Every structure is written in structure tokens, then in C-alpha cells.
Amino acid sequence: MSPSPTPRMPRAQRRTQLLELATRVFTQKGFQATSMDDIAFAAGVTKPVLYQHFSSKETLYVEVIDIIAEQLFDEVREIGSFDGDTRGRVRHGLERFYQLVSLENALRLFTGNEPVSETVQRRADAVLDQMAVELAEVLAASRRMSTIESRVIGRGLITATQSTARLLHEASDDAEREEILEMMTTFMVHGLTGFAPLENPRIVGTVLGADGTAHPGSDG
């Protein structure tokens, strides 16, 4: 069946429309199962029109990744504005990442659940690296860590968050998901409290020490 034609629109507007629709189709079907025909059909344009804006499915997918990446970066920055303690902050971060990449099916590649090309994987890895940098800033604003310590731990936490999202996705029911969330939250909190809170943490909420004492943030 041919797509229903859409009215002519300015080039920039058409490109934005195509990206929005491509994001929707990719997140529903994944990279491998989506074709340029699928996206052209969803947009109500011919495939040649789609290729006028994007030279290949891979090029289009990388641009979609960049759109999703901005949302992920915002979520990481928001961790510093979470009005709760360390345990609540860690759990909130784990849940939000899972919701973004699994429940909303936003690019399964971030959990390693889908084979993609080398170019696409490099872009996904760059997004994860940038998330680690953003998280490192939150860590450095709350605990006594050097820059290199915050970067290494930030990357480790992002990797653990990826693994947690995959486990949550594979869990058989809500009870198992709750158990996984509690287990991984405890694991991460114990690691973080090995680094003493700053005397005046520059985040919202409180920062827990190894002895369980709460240090209020100065940005609350």
C-alpha cells in the first residue's frame, strides 16, 4: 500500500518531521527490523524524498541517537537535583534509565540488546561516555573524590546501570524487578559511601556517609 501523501512543507520542517517519525519507528521496531520504506511510509513520503534528507538508515539512526542522548544527559544532570538521600538518588537513577531504554523501548542498543553497525555502536559508546562525564560532575559535587576517581567511578556506575536495565528487562515479574532494584541500589550505595561526603555538598537533598549520617546539600 502506498503511503498517504503529506502536504509539501519547508525543508527544515520536513527534516524535523522525518526525525520525529524515525525515532518513533526505530523505538517500536529496533534498528535491524526497521527499513527506510517503513519510515517513508510512516511519514507519508516516497523513499527518494527520505534519501534527500538522510543518505542511509545508519545516518538517520545516528541522528536519532543524538536526540535520545540529549534526554539521557538531562536525566543524569537531574540526579544532582533529586531531593532525597543517596539511596533514593541511586534508585531513582536506575529506574529512570530502565524506563528510558527499555519500557519506552528507546534504543535497545544502550542495553546491548541489539546488534548494530560499528558506526552506530561507536556513537552509542560516545553517548555513554558523556553520560559518565555528566555523572562524574554530580559525584564530585557531593563526595571527596579526585577528578580521575569521579570519572572512573562514573563510568563504572553507567556500566552497572546498563546491566541493571538489561536484568530488569529480562525479569519475569514486578517482584523480581523489585528485588533486582533493591540489590543493585544497595551495591552502588555501599560503594559510594566509601568516599566521604563533602562538608557542604553542592547538590540538592542529602549525601549519606559510611556511618549512615546524612549531610545536607547546599543547593536544596
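As a basis for the values below, the full set of heavy atoms in this structure was taken, side chains included, without hydrogen atoms, waters or symmetry mates. Computed from a prediction, not measured in an experiment: that's the story for all the values here.
V25 and L19 end up in the same hydrophobic cluster when Ile, Leu, Val, Met, Phe, Trp and Tyr side chains are linked at under 4.5 Å. In the hydrophobic clustering of this structure, V90 does not group with M183; members are Ile, Leu, Val, Met, Phe, Trp, Tyr whose side-chain heavy atoms approach within less than 4.5 Å, directly or through other members. No single ILVMFWY cluster, assembled from side-chain heavy atoms under 4.5 Å apart, contains both L21 and L50. In this structure, F187 is a member of the same hydrophobic cluster as I79, with clusters built from ILVMFWY side-chain heavy atoms closer than 4.5 Å. Under the 4.5 Å side-chain contact rule for hydrophobic residues, L128 and V133 do not share a cluster.
Annotation: side chain of L135 is not in contact with side chain of M131 (no heavy-atom distance under 4.5 Å). Looking only at side-chain heavy atoms (C-beta outward), R24 and Q28 come within less than 4.5 Å of each other. Annotation: side chain of T193 is in contact with side chain of R143 (closest heavy-atom distance under 4.5 Å). Residues E182 and R91 have side chains in contact (heavy-atom distance under 4.5 Å, counting atoms from C-beta outward). Side-chain contact check for F97 versus V76: every heavy-atom pair is 4.5 Å or farther apart. Contact check for L139 versus L192: side-chain heavy atoms found under the 4.5 Å cut-off. Contact annotation: the side chain of V127 never approaches that of I68 to less than 4.5 Å [non-hydrogen atoms, C-beta and beyond]. A 4.5 Å side-chain heavy-atom check between R123 and D66 finds at least one atom pair inside the cut-off.
Distance check: T59 OG1 to H53 NE2 gives 14.0 Å after rounding to the nearest 0.5 Å. Rounding to the nearest 0.5 Å gives a distance of 10.5 Å between CG of L60 and CD1 of I65. In this structure, L167 CG and E176 CD are separated by 8.5 Å, a value rounded to the nearest 0.5 Å. Atom CZ of R14 is separated from atom OG1 of T16 by 11.0 Å, given to the nearest 0.5 angstrom. One distance of note links CG of L157 with CD of Q162; it measures 12.0 Å at 0.5 Å rounding. Atom CZ of F195 and atom CD1 of I153 lie 3.5 Å apart (nearest 0.5 Å).
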Do any side-chain atoms of residues 210-217 form donor-acceptor pairs under 3.5 angstrom with protein atoms, and if so which ones, sequence neighbours left out?
| residue | atom | partner | partner atom | Å |
| --- | --- | --- | --- | --- |
| D211 | OD1 | T213 | N | 3.1 |
| D211 | OD1 | T213 | OG1 | 2.7 |
| T213 | OG1 | H215 | NE2 | 3.4 |

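Looking at every heavy atom in both residues, T147 comes nearest to S150 through O-OG, 2.8 Å. Of all the heavy atoms in L198 and A140, the pair that sits closest is CD1-O, 3.6 Å. Considering every non-hydrogen atom in both M188 and A160, the closest pair reads CE-CB, 3.4 Å. Here the closest heavy-atom approach between residue L18 and residue A43 is recorded as CD2-CB, 3.4 Å. Closest non-hydrogen pair, A33 versus D38, comes out as O-OD2, 3.6 Å. For the pair G205 and D83, the tightest heavy-atom approach, listed with the atom from each and the gap, is CA-OD1, 3.8 Å.
Residue-environment remark: CZ (R77) exceeds the threshold of 12 foreign heavy atoms within 6.0 Å. Environment of CD in E179: sparse, with no more than 12 heavy atoms of neighbouring residues, nucleotides or ligands closer than 6.0 Å. The local environment of OH in Y51 is crowded, with over 12 non-hydrogen atoms from other residues, nucleotides or ligands closer than 6.0 Å.
For E75 and Q71, the side-chain atoms include no donor-acceptor pair closer than 3.5 Å. Counting only N and O atoms by type, the side chains of T186 and R87 include a donor and acceptor under 3.5 Å apart.
Under the 4.5 angstrom side-chain criterion for Ile, Leu, Val, Met, Phe, Trp and Tyr, the cluster partners of I148 are V152.
Looking at K57, its side chain does come within 3.5 Å of a backbone N or O of T34 through a donor-acceptor pair. Looking at R89, its side chain does come within 3.5 Å of a backbone N or O of T206 through a donor-acceptor pair. Under the 3.5 Å distance criterion, the side-chain polar atoms of E149 are left unmatched by any main-chain donor or acceptor of M145.
Residues meeting the ring pair (Phe, Tyr, Trp, His ring centres under 6.0 Å) test with F82, sequence neighbours left out: H92.
A salt bridge does not link D125 to R122: none of the charged side-chain nitrogens sits closer than 4.0 Å to a carboxylate oxygen.
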